[in-house]
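Some notes on the structure that comes next.
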Amino acid sequence: MNIIINGANGRMGRMLTECAEAQGVGIAARISRSYFHDDDNQTFGILEEFTGDADVVIDFSNHSETGSLLGYCVMRHIPVVIGTTGQTEEELARISALSRSVPVFLSGNMSIGIALLADLFGGAASA
C-alpha cells in the first residue's frame, strides 16, 4: 500500500510517517505547507504537485484545505481518510457529497482514549 500523508510536518503527520515506516507501509508522498527539502523527492508543498500513484490520502492538514483535498481525491479517484477537525457546515456537506464518488473515512479524533470514552458515555447514557 502506498499512502499520501497530507499535513506531513504536523504532529500527527510526523507520527503517521514514523508508524508507516516502522510497519513497512509505502509512503508515496508527504505534503506540507511548510515544505522542506528531502533527499528522496517525496515531499511537496501542495497536494496537486504529486502526480504519482497512491492508494489513499491520509489528511491531517487544516480544514481550510478541504476544497483542494476533495478536488484532488475526486480527480484522481483516490480514497481519503480525514483526521482534520474544524470543518464548516459547507465543508462537511462537500465531504458528504464526495463520499458518493470515492471512499471517505472522516473522524474528528483518532485517539483510542477518546473512542473508548465515547463508547463508555454512550453505554452510560442508555443505562
Side-chain angles (χ1 to χ4, degrees):
M1 172 172 279
N2 280 324
I3 63 174
I4 298 171
I5 302 171
N6 193 33
N9 280 349
R11 186 177 43 141
M12 288 300 294
R14 288 190 312 269
M15 184 181 297
L16 181 57
T17 298
E18 289 176 20
C19 290
E21 290 172 345
Q23 297 296 316
V25 174
I27 299 174
R30 292 184 300 268
I31 312 301
S32 175
R33 291 184 310 198
S34 57
Y35 172 78
F36 62 90
H37 177 75
D38 65 347
D39 293 331
D40 56 12
N41 297 316
Q42 286 183 298
T43 303
F44 301 87
I46 60 171
L47 193 56
E48 292 80 6
E49 289 177 346
F50 178 70
T51 59
D53 293 329
D55 298 306
V56 65
V57 175
I58 303 176
D59 178 56
F60 284 106
S61 61
N62 186 290
H63 79 90
S64 65
E65 296 183 26
T66 298
S68 62
L69 170 70
L70 301 179
Y72 182 84
C73 291
V74 167
M75 181 182 68
R76 303 276 320 273
H77 305 288
I78 299 175
V80 60
V81 174
I82 302 174
T84 303
T85 59
Q87 287 89 1
T88 65
E89 290 299 320
E90 180 183 330
E91 290 165 343
L92 291 170
R94 291 183 70 191
I95 291 168
S96 179
L98 170 75
S99 69
R100 291 180 225 131
S101 303
V102 297
V104 175
F105 179 82
L106 172 65
S107 175
N109 195 310
M110 298 289 182
S111 165
I112 293 172
I114 293 297
L116 178 61
L117 282 174
D119 189 46
L120 289 172
F121 286 131
S126 66

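Computed from a prediction, not measured in an experiment: that's the story for all the values here.
- Residue Asp53 places its CG atom among 12 or fewer non-hydrogen atoms of other residues, nucleotides or ligands, all under 6.0 Å distant.
- Put simply, the side chain of Leu47 does not reach to within 4.5 Å of the side chain of Asp59, judged on heavy atoms.
- For the atom pair CG of Leu69 and CG of Asn6, the computed distance is 6.0 Å after rounding to the nearest 0.5 Å.
- Asn62 meets the side chain to side chain contact (heavy atoms under 4.5 Å, CB included) test with Arg33, Ser64; sequence neighbours excluded.
- With sequence neighbours left out, the side chain to side chain contact (heavy atoms under 4.5 Å, CB included) criterion links Ile46 to Glu48, Glu49.
- Applying the salt bridge (Lys or Arg N to Asp or Glu O under 4.0 Å) test to pairs two or more places apart or on separate chains, none has a residue in residues 17-27.
- Nearest approach of Thr66 to Gln87, heavy atoms of both residues: OG1-CG, 4.0 Å.
- Going from atom CG of Leu98 over to atom CG of Leu70 covers 5.0 Å, rounded to the nearest 0.5 Å.
- Between Leu106 and Leu92, the closest side-chain pair of non-hydrogen atoms falls below 4.5 Å.
- For the side-chain hydrogen bond (donor to acceptor under 3.5 Å, both in side chains) test, residues two or more places apart in sequence or in another chain that qualify with Arg76 are Tyr72.
- The two residues Ser32 and Asn9 come nearest to each other via the heavy atoms OG-ND2, 2.9 Å.
- Of all heavy-atom pairs between Ala28 and Ile4, the closest is CB-CG1, 4.4 Å.
- Annotation: salt bridge (Lys or Arg N to Asp or Glu O under 4.0 Å) contacts involving residues 86-105, sequence neighbours excluded, are absent.
- Annotation: the span from Ser101 atom OG to Met75 atom CE amounts to 13.5 Å, rounded to 0.5 Å.
- The CD1 atom of Ile82 sits 13.0 Å away from the NE2 atom of His63 when rounded to the nearest 0.5 Å.
- Using a 4.5 Å cut-off on side-chain heavy atoms (C-beta onward), Ile78 and Val102 make no contact.
- By the side chain to side chain contact (heavy atoms under 4.5 Å, CB included) test, Met1 pairs with Ile3, Asp55, Val56, sequence neighbours left out.
- In this structure, Ile27 is a member of the same hydrophobic cluster as Val25, with clusters built from ILVMFWY side-chain heavy atoms closer than 4.5 Å.
- In terms of hydrophobic clustering, with Ile, Leu, Val, Met, Phe, Trp and Tyr side chains grouped at heavy-atom distances under 4.5 Å, Met15 and Val81 are assigned to different clusters.
- Contact record, Val80 with Cys73: CB-SG, 3.7 Å, taken as the closest heavy-atom pair.
- Here Phe50 pairs with Phe44 under the ring-ring contact (aromatic ring centres under 6.0 Å, His included) rule; sequence neighbours left out.
- For the side chain to side chain contact (heavy atoms under 4.5 Å, CB included) test, residues two or more places apart in sequence or in another chain that qualify with Arg11 are Arg14.
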